[in-house]
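Right, one structure below, let's go through it.
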Amino acid sequence: MSNKSPWRLDGARALITGGSSGIGLAVAHELAGLGANLVLVARDASRLEKARSEIALRIPGCTVETIPADLSTGAGRRQVVSRLAAPLNILVNNAGTNIRKRMSELCLDEFRLVQETNVVSCFEMCRLLYPLLLDGAPSCVVNNASVAGLTHLRTGAPYGMSKAAMIQMTRNLAVEWAKEGIRVNAVAPWYIRTPLADQVLADPGYRKEVLDRTPMGRIGEADECARAIAFLCMPASGYITGQCLPVDGGFSVYGF
């Protein structure tokens with residue numbers, strides 16, 4: 001990755017999974033604004049094209065490739081890898097899902113879907129794209145985990161398990177890849193204003209409980225999470241690896 005400024009990403013090539021909406025789309029806009037060229041991956045081809053058009057209109061010099069693929073499947077992951085060529089400088093693992101049920105109400109297939117989408121896709125993108133990241137070194141990976149991986153939330157056991165696994169994988173890969181010039185970090189958001197979060201927060205009682213447990217007293221914005229991810233991608237964070245940065249308005253440190 002060649003940058004004149006440690007606060008820029010000029011010429012870097014960044015792949016963002018789940019890049020057509022929510023936090024992933026905000027990350028795409030943020031990295032493009034810093035000079036990166038993008039590869040966006042998501043299931044819906046029409047939403048990917050809309051995202052590509054938005055970014056191209058806002059930042060005319062940015063190259064945006066799109067790859068429609070379902071990363072919860074092996075075929076989808078192989079499709080992404082087959083479309084890519086080296087080098088790759090940045091990988092943002094943002095694709096994720098959840099099924100909000102109590103453990104006693106879940107079936108094994110539902111558990112597996114959450115793990116395949118959240119953990120296995122993240123693991124496989126790291127594993128399969130390692131040669132491209134190595135070719136693009138110094139390079140970096142940022143995994144979008146959750147505060148659910150740090151403490152109990154009402155989001156359910158499978159989701160919390162998947163996010164905890166992502167955070168531990170971040171630590172392990174950071175150590176394993178450090179000497180090869182690949183940094184690996186994670187962010188752990190609390191509630192961020194996205195279409196999926198808005199569905200849950202539409203319940204006034206639940207929203208009040210969330211705000212009461214957030215020291216800053218508000219819901220986070222997708223841009224705020226995107227900027228934290230962007231920082232971990234920049235040369236300015238070049239001596240940071242193996243870390244999980246909460247983006248949570250103080251939620252994770254709020255005791256009594």
Side-chain angles (χ1 to χ4, degrees), residues 1-3 8-97 117-118 120-144 181-185 187 194-195 222-223 225-227 229-235:
M1 200 185 304
S2 176
N3 299 281
R8 294 281 302 173
L9 293 169
D10 296 298
R13 188 166 180 240
L15 186 149
I16 304 163
T17 69
S20 65
S21 63
I23 293 173
L25 181 58
V27 171
H29 278 276
E30 192 70 25
L31 298 190
L34 292 167
N37 294 311
L38 309 178
V39 182
L40 304 182
V41 179
R43 288 176 294 184
D44 192 318
S46 61
R47 290 174 72 173
L48 275 174
E49 178 54 30
K50 181 181 177 184
R52 188 201 64 76
S53 298
E54 286 177 4
I55 295 167
L57 183 64
R58 177 171 166 256
I59 308 166
C62 179
T63 299
V64 185
E65 304 170 61
T66 61
I67 305 177
D70 182 355
L71 295 182
S72 70
T73 68
R77 297 188 287 265
R78 289 190 296 272
Q79 182 179 347
V80 172
V81 175
S82 69
R83 293 273 299 274
L84 289 175
L88 183 66
N89 309 112
I90 297 167
L91 170 61
V92 179
N93 286 305
N94 170 72
T97 193
T117 306
N118 298 359
V120 179
S121 75
C122 181
F123 174 83
E124 283 291 83
M125 285 295 96
C126 288
R127 185 179 73 87
L128 296 172
L129 297 178
Y130 165 75
L132 280 67
L133 290 164
L134 188 61
D135 192 68
S139 54
C140 66
V141 177
V142 182
N143 298 320
N144 188 14
I182 305 172
R183 296 185 299 113
V184 187
N185 290 291
V187 296
T194 65
D223 288 349
C225 190
R227 289 174 194 137
I229 291 172
F231 168 68
L232 293 172
C233 293
M234 288 190 284

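All values derive from a computational prediction rather than experimental measurement.
- The distance from atom OG of Ser121 to atom CG of Asp70, rounded to the nearest 0.5 Å, is 9.5 Å.
- Considering all non-hydrogen atoms of both residues, Gly18 and Asn94 come closest at O-ND2, 3.0 Å.
- Asp135 places none of its side-chain heavy atoms less than 4.5 Å from the side chain of Leu88.
- Between Cys233 and Val142, the closest heavy-atom pair is SG-CG2, 3.8 Å.
- In this structure, Ala69 and Val80 approach most closely via the heavy-atom pair CB-CG2, 3.7 Å.
- Considering only heavy atoms from C-beta on, Ser72 stays 4.5 Å or farther from Thr97 through its side chain.
- Considering all non-hydrogen atoms of both residues, Leu71 and Ala95 come closest at CD1-CB, 4.3 Å.
- Note: Ile55 CD1 to Thr63 OG1 = 11.5 Å, rounded to the nearest 0.5 Å.
- No donor-acceptor pair closer than 3.5 Å links the side chain of Arg52 to the backbone N or O of Leu40.
- Asn89 places a side-chain N or O within 3.5 Å of a backbone atom of Gly136 that can act as its donor or acceptor partner.
- Taken to the nearest 0.5 Å, the CD1 atom of Ile90 stands 5.5 Å off from the CG atom of Leu31.
- The line from CG of Asn93 to CG of Leu91 is 4.0 Å long, rounded to the nearest 0.5 Å.
- Put simply, the side chain of Ile229 reaches to within 4.5 Å of the side chain of Ile23, judged on heavy atoms.
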So Arg13 and Glu65, side-chain contact (heavy atoms from CB on, under 4.5 Å) or not? Walk me through it. CA-CA 10 Å; Arg13 188 166 180 240; Glu65 304 170 61; 3.3 Å; yes
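- Side-chain N or O atoms of Arg58 include one that pairs as donor or acceptor with a backbone N or O of His29 at under 3.5 Å.
- Remark: Ser21 OG to Asp44 CG distance equals 9.0 Å, nearest 0.5 Å.
- Proximity of Glu54 to Leu25: side-chain heavy atoms (C-beta onward) are separated by under 4.5 Å at one or more points.
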Verdict with reasoning, Val120 to Arg77, per side-chain contact (heavy atoms from CB on, under 4.5 Å): CA-CA 10 Å; Val120 179; Arg77 297 188 287 265; 3.6 Å; yes
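- Residues Val141 and Met125 have side chains not in contact (no heavy-atom distance under 4.5 Å, counting atoms from C-beta outward).
- Taking the side chain as every heavy atom from C-beta outward, Asn144 and Val92 never approach each other to under 4.5 Å.
- When every heavy atom of Gly33 is checked against every heavy atom of Ile59, the shortest pair comes out as N-CD1, 3.4 Å.
- With rounding to the nearest 0.5 Å, the separation of CZ in Arg227 from CG in Asp223 is 5.0 Å.
- Using a distance-only test at 3.5 Å, with no hydrogens or angles considered, a donor-acceptor pair links the side chain of Gln79 to the main chain of Pro68.
- Closest approach of Ser20 and Ala42 over heavy atoms only: OG-CB, 3.4 Å.
- Using a 4.5 Å cut-off on side-chain heavy atoms (C-beta onward), Ile67 and Leu84 make contact.
- Two residues are said to be in side-chain contact when any heavy atoms from C-beta on lie closer than 4.5 Å; Cys140 and Asn185 fail this criterion.
- No donor-acceptor distance shorter than 3.5 angstrom exists from the side chain of Thr194 to the backbone of Gly22, with no hydrogens or angles considered.
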